[in-house]
Amino acid sequence: MTSDQAVAPAPRPAATPATRARYRRILRFAGWNLAVTWWYELFLPRIGLASVAARTRSKRMRRFAQRFHGLAVDLGGLMIKVGQFMSSRLDVLPPEITSELEGLQDEVPAVPFPQIRALAEAELGVPLETAFASIDEVPVAAASLGQAHRAVLTAETAEHSGLSAVVLKVQRPGIDAIVDVDLAALRRVGRWLTHVRLVSDRVDAPALVEEFATTSLQEIDYLHEGANSERFAEEFAGDPRVAVPAVAWERTTRRVLTLEDVTAIKITDAESLRAAGIDPAEVAPVFAEVMFDQLFTNGFFHADPHPGNIFVTPDPDAAGERPWHLTFVDFGMMGEVPPGTRKGLRKLLIAAASRDGKGLVDAIQDVGVLLPTADTAQLERAMTHLFGRFGGMGFAELREVDPREFREFAVEFGDVVRSLPFQLPENFLLIIRAMSLTSGVCSALDPAFNLWDSVEPYAQQLIRDERGNVVQDVAQQALEIAGIAWRLPKRLDSLVTRVEEGDVAVSTPRLEQRVGRVERAVRRLAAAVVFGGVVIAGAIVHTTDAVLGTVLLVASLIPLAFTVFTGRRGN
């Protein structure tokens, strides 16, 4: 997506009194708060009143978050999604905002069932009594974009689909128009932000809005959600840790989705988990590991893993020590990690597990978050200090740390972050959201949960994988160098022949002697490079495979001997 494409606004939705009022209300809210921010953060510091801005900043941020929370709950639609995204931006937004919005849920009243019935029947083309044997008119869940009802398929459909008890998801009537209005307003706000240097120097706001728009439009396309569900199931096929509901495609359209009813124990319902004989503390590391697999290995991840979208399903007949599995639902918000970003994230995870501040900053640059012009010396110092002081602590231990120490570090680290030019690569908002929700769910399952206990073994496996790749790269380079060294004498002989036959206009009686020296020097150089490569490979492999590592170390003596004796003979 080019920058021109990112900035270009989508066509405005058909105007009605309700949509015009909604559009103006969103813009008034954004315009007023941008003006307040400009006054306090840009104008007052220029006239020597920076202390006034600093003294009132915390209160202003909290008031903004409270007002936005009220706006989102009142309007519903995408405004709740915007608030949820903001609550996950712990990296750039102050805690006064993220803490106020972290509890923002789809706090909207249910749509009366007659309206749901009318939309579902129009989509399916048949009366609900024909499509389903029964349907519960009381919704099991009501959200800003749609609501869900339990139902039972007819015998004929059940036989064909292999399903019986299902959940029927139906979009809220008129949600398409609401989404269009909200996106139109957000696109205009994004263009406004390109003129605010405080923001534009750090983030491409129109591009972020377009990323959010793409995700939102996909989320209200239930055909897309059904396809995501099946792809996710394929990614974890045969994995006893994960289950995914099947899709009843016979009763699914763009606005209606019928899924297998897999309702079980909500992942954060500790009381119900214990009643089922499941220790919540054992669920947390499994959930974290499954999310790591999605982000760092598969590259296709659930971007909305909040507690309402993950169940713990008891499975007493399961083989092994774990008589339960995780069941994921709601695949409307999914993300993909491009191979380059995934490689950078793997390096980032390894650096974090190794408490390597410089490595972490290098990985952040590889991911593309920091611009190439960024001066990272201060950030490296801050991350090194962070790891040295807080690295390896669990949440329970962090709660025992003096709050003043956190505040002092936050001030220092926050100033460093705000001084750096950064950007958010494609899909990075979803990655941040997924990791933030993962951390929150694990902490709810076990307050003493230490994320490092899950990160470190996973990172160690990544390190072993990376070492394997290093060995392959070294071996490939050694073969290439050996090939060059093997072909070089023939090329030199050809050159000498051409000189002797007069094809090359060079006349010197010492040519053959010089060519011989060059040939021996190149062979020694090639042997030395091969020796170094094999020694490095042997040392790396020896830590995990002593036998293979020893073989490689012994094999390195061959090119070493060639280098030494060729040198002596040449002399």
Side-chain angles (χ1 to χ4, degrees), residues 3-47 49-50 52-89 92-94 96-101 104 107 144 177-213 215-216 418 423-424 429:
S3 59
D4 292 337
Q5 291 172 323
V7 174
R12 286 287 303 276
T16 67
T19 57
R20 284 196 297 267
R22 183 184 184 93
Y23 182 81
R24 288 195 298 267
R25 185 174 176 185
I26 295 172
L27 293 186
R28 280 199 304 270
F29 180 89
W32 169 256
N33 283 282
L34 281 175
V36 170
T37 300
W38 174 85
W39 175 264
Y40 280 97
E41 303 298 335
L42 296 178
F43 180 74
L44 291 184
R46 288 182 179 178
I47 62 174
L49 296 176
V52 176
R55 188 169 61 252
T56 62
R57 183 174 296 123
S58 179
K59 185 178 180 180
R60 284 186 288 109
M61 295 296 179
R62 190 175 296 107
R63 185 185 301 120
F64 162 79
Q66 290 169 347
R67 289 175 176 171
F68 184 85
H69 188 286
L71 177 76
V73 171
D74 191 25
L75 293 181
L78 292 186
M79 292 299 101
I80 287 180
K81 301 297 180 183
V82 171
Q84 291 172 343
F85 269 109
M86 291 170 64
S87 70
S88 67
R89 296 310 316 276
V92 294
L93 292 178
E96 291 86 355
I97 293 178
T98 57
S99 60
E100 177 67 31
L101 297 178
L104 184 62
E107 305 167 18
S144 59
I178 291 175
V179 168
D180 287 343
V181 169
D182 290 355
L183 289 179
L186 291 174
R187 286 185 171 106
R188 171 159 289 194
V189 173
R191 294 196 299 275
W192 287 351
L193 292 175
T194 61
H195 302 292
V196 181
R197 189 170 181 180
L198 187 68
V199 176
S200 62
D201 284 352
R202 291 165 171 78
V203 65
D204 185 347
L208 287 183
V209 171
E210 290 308 316
E211 181 182 340
F212 179 75
T215 302
S216 301
R418 284 189 288 271
Q423 60 187 356
L424 292 180
L429 273 177

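Basis for what follows: all heavy atoms, side chains included, without hydrogens, waters or symmetry-related copies.
- Atom-to-atom distance recorded for Ile47:CD1 and Leu42:CG is 12.0 Å, nearest 0.5 angstrom.
- Side chains of Thr16 and Arg22 form no contact here, defined as non-hydrogen atoms less than 4.5 Å apart.
- Within the 4.5 Å cutoff, the side chain of Asp74 has heavy atoms near those of the Arg25 side chain.
- Contact detail for Ile80 and Ser144: the closest heavy-atom pair is CD1-CB, 4.2 Å.
- Nearest heavy atoms, Phe212 versus Lys81: CZ-CB, 3.7 Å.
- Counting heavy atoms from C-beta outward, Arg55 and Val52 have side chains that approach closer than 4.5 Å.
- Between atom CD of residue Glu210 and atom OG1 of residue Thr215 there is a gap of 11.0 Å, rounded to the nearest 0.5 Å.
- Considering all non-hydrogen atoms of both residues, Leu78 and Asp182 come closest at N-OD2, 3.0 Å.
- Looking at residues two or more places apart in sequence or on another chain, you find a ring-ring contact (aromatic ring centres under 6.0 Å, His included) between Phe64 and Phe29.
- The two residues Tyr40 and Ala53 come nearest to each other via the heavy atoms O-CB, 3.0 Å.
- The shortest heavy-atom contact between Ala185 and Leu27 is O-CD2, 3.6 Å.
- Contact record, Gly190 with Ala205: O-CB, 3.8 Å, taken as the closest heavy-atom pair.
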